[in-house]
Amino acid sequence: MAAQPTEDRTGRTGKPRVVLGVSGGIAAYKACELLRRLTESGHDVRVVPTAAALHFVGAPTWSALSGHPVSTEVWDDVHEVPHVRIGQEADLVVVAPATADLLAKAAHGLADDLLTNTLLTARCPVVFAPAMHTEMWEHPATAENVATLRRRGHLVIEPAVGRLTGTDTGKGRFPDPAEIFELCRRTLTRGTRPADLAGKHVVISAGGTREPLDPVRFLGNRSSGKQGYALARTAAARGARVTLLAANTALPDPAGVDVVPVGTAVQLREAVREAAAEADVVVMAAAVADFRPAHYATGKIKKQDGREPEPITLVRNPDILAETAADRPRPGQLVVGFAAETDDVLANGRAKLRRKGCDLLVVNEVGEHRTFGTEENEAVVLGADGTETPVPRGPKEDLADTVWDLVTARLT
Ligand code: CTP
C-alpha cells in the first residue's frame with residue numbers, strides 16, 4: 001500500500017519524508033533493500049550515511065536509489081543549512097544499520113557529522129536498527145546507551161539472532177529489511193504518539209498447534225499465524241519487548257521480536273509458562289488443538305489389506321489460556337484470548353470470556369473463506385469489565401493496535 005502524502009511544517013504537501021541514516025557496518029548493503037521498499041511505497045527518502053558507511057556502500061548507490069544527493073558532512077551546501085533542515089523536515093528517521101559507535105554518539109548527543117546533527121534536530125519518531133557482533137551488543141556501554149535512547153522514546157529494535165559477519169553466530173544480526181520496513185510504516189502511521197509499550201514485556205502465541213499421529217501425520221488446523229504476527233509487529237513498533245511463540249508458521253520473523261518455534265499444544269504450554277513468568281501481558285492468538293491422539297505411533301501407520309482402519313482415540317489437551325489466566329505469575333499481568341466462532345458469535349464469546357477468566361477476548365467469526373490466511377480481520381473485543389469494542393474489517397495490524405490500546409489502558 002502506498003504511503004499517504006502529508007503536509008509538512010511549511011504547509012507544502014508531499015510524500016512522507018524519511019531520513020535513512022546508515023552507519024558503518026557490513027549490513028549497510030541490506031539497507032539498500034530497505035531504501036528501495038521505502039521509495040517504491042511512496043516515501044521521499046534522504047539517505048545520510050556516515051563516512052564509515054561509504055566504505056561498505058558508495059555514495060552513488062545511495063544517491064541513485066534515493067534520487068537525492070548524498071553527503072556525510074555538514075560542510076556541503078552550507079547555504080541550505082542541511083545539518084538542521086534535514087532533521088527538522090523529517091517525518092521519520094531510521095538508522096539502519098546502527099553501529100555501537102553510532103548508538104553511543106546518539107545517546108550522548110554528539111554531533112560531529114551530518115547524521116549525528118540530523119539526530120539532534122529531528123523531532124519526529126526515530127528508529128534504530130542495530131547490527132553488530134554479540135560481544136559489542138552485550139557490552140554494558142552499549143546496553144546503557146540503548147537503555148538511554150529507549151528512555152527518551154526512541155525505538156531501538158532488538159537485533160536478530162543468526163549468522164554474523166565471518167563464521168560467528170549469535171545476537172546482533174540485522175533484521176530482515178522487509179520487516180524493518182513494516183516497522184517503519186507502522187511507526188509513521190503512529191506519528192509522534194509515544195511508544196506506550198516501552199519497558200513492557202509481551203508474550204504472544206501465534207499459528208496453530210500440530211498433534212502428531214505418527215512421524216508423517218498430524219492433527220492440525222488452518223491458522224496461518226498472521227494475526228499473532230501482526231500483534232508482535234505492532235507491539236514492537238510501540239516499544240515492547242516481544243516474545244513470539246510461533247506454532248508451525250511460515251512467516252518471516254518480525255523485526256525486533258524474539259521468535260520461539262513450538263509444535264504441539266503441550267510444547268506451547270511449556271513455552272507460555274516459561275515466558276509468562278516475566279511478562280506483563282500474555283496474548284493467546286494461537287489456535288490450540290483441544291485434543292491430541294492418545295497414542296503416537298513411532299513408525300508410519302500402514303494400511304492393512306481387507307481391514308478397516310483403527311479408530312483414533314483422542315485425549316484432552318490443557319487449556320493454556322484458562323490456566324494462564326487462573327495462575328498469573330506476576331500481579332497485574334494481563335491475559336488476552338481469542339475466540340474463533342462460527343455461530344452465535346457474540347453469545348459464545350461472552351460465555352467463553354467468563355469460562356477462560358481472561359481480561360480481554362477478541363471474538364471473530366471464522367469459516368471457509370473468513371479470517372484464516374487472509375490479510376484482513378474484523379472482530380469485537382470483549383472486556384471482563386463489560387466493555388465491547390467493535391473493530392471494523394481492516395488490516396490485521398489495525399485490530400492488533402486496538403488490542404494494544406485496550407491493553408495499555410488497563411496496564412497499571
Ligand atoms: N486455547 C488454549 N488452549 C486450548 C484451546 C484454546 O489456550 N487447549 C486458547 C486459544 O489460544 C484462544 C482461546 O483459548 O485464545 C479460545 O480458543 P477457541 O478455539 O475459540 O476456544 P476453545 O477453548 O477451543 O472452545 P470451543 O472449542 O468450545 O470453542
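This chain uses plain numbering: 1 for the first residue, then up along the sequence. Note that ligands are numbered from 1 as they come in the structure, with each ligand's atoms numbered from 1 the same way. Owing to the predicted nature of the structure, the values given are computational and were not obtained by experimental measurement.
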Looking at ligand 1, does [X] have a heavy atom less than 4.0 Å from it?
X	answer
Lys352	yes
Glu323	no
Ala285	no

- prompt: Quick one: do Arg273 and Asp327 make a salt bridge, cutoff under 4.0 Å?
  reply: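 Salt bridge: no.
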Under 3.5 Å between any N/O of [X] and any N/O of ligand 1: does that happen in this structure?
X	result
Met284	yes
Ser205	no
Lys356	yes
Val288	no
Ala287	no

Only heavy atoms of [X], strictly under 4.0 Å: list the atoms of ligand 1 that pass.
X	answer
Ala340	20 (O)
Pro318	3 (N), 4 (C), 8 (N)
Ala339	20 (O)
Ala286	10 (C), 11 (O)
Leu321	2 (C), 7 (O), 9 (C), 13 (C), 14 (O), 15 (O)
Gly337	15 (O)

Got [X] and [Y] here, is their nearest side-chain heavy-atom distance under 4.5 Å?
X	Y	result
Pro125	Leu188	no
Leu164	Thr134	yes
Val381	Val362	yes

message: For atom 5 (C) of ligand 1, which of the options Asn317, Val335, Asp319, Asp290 provides the nearest non-hydrogen atom?
response: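 Considering heavy atoms of Asn317, Val335, Asp319, Asp290, the nearest to atom 5 (C) of ligand 1 sits in Asp290.
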query: Of all heavy-atom pairs between Arg292 and Pro318, which one has the smallest distance, and what is that distance?
result: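 Scanning both residues, the minimum pair turns out to be NH1-CD, 4.2 Å.
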task: Please name the pair of heavy atoms, one in Pro175 and one in Ile157, separated by the smallest distance, quoted to 0.1 Å.
output: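 Scanning both residues completely, I find the closest heavy atoms to be CG-CG2, 4.1 Å.
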For residues [X] and [Y], is any side-chain donor paired with an opposing acceptor at under 3.5 Å?
X	Y	answer
Thr387	Asp385	yes
Asn145	Thr142	no
Thr165	His133	no

- request: Would you mind telling me which of Thr187, Leu155, Val202, Asp405 makes a side chain to side chain contact (heavy atoms under 4.5 Å, CB included) with Arg238?
  value: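 Single side chain to side chain contact (heavy atoms under 4.5 Å, CB included) partner of Arg238 among Thr187, Leu155, Val202, Asp405: Asp405.
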task: Select one of side chain, backbone, both or neither to describe which atoms of Ala265 lie under 4.0 Å from any atom of ligand 1, heavy atoms only.
output: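 Neither part.
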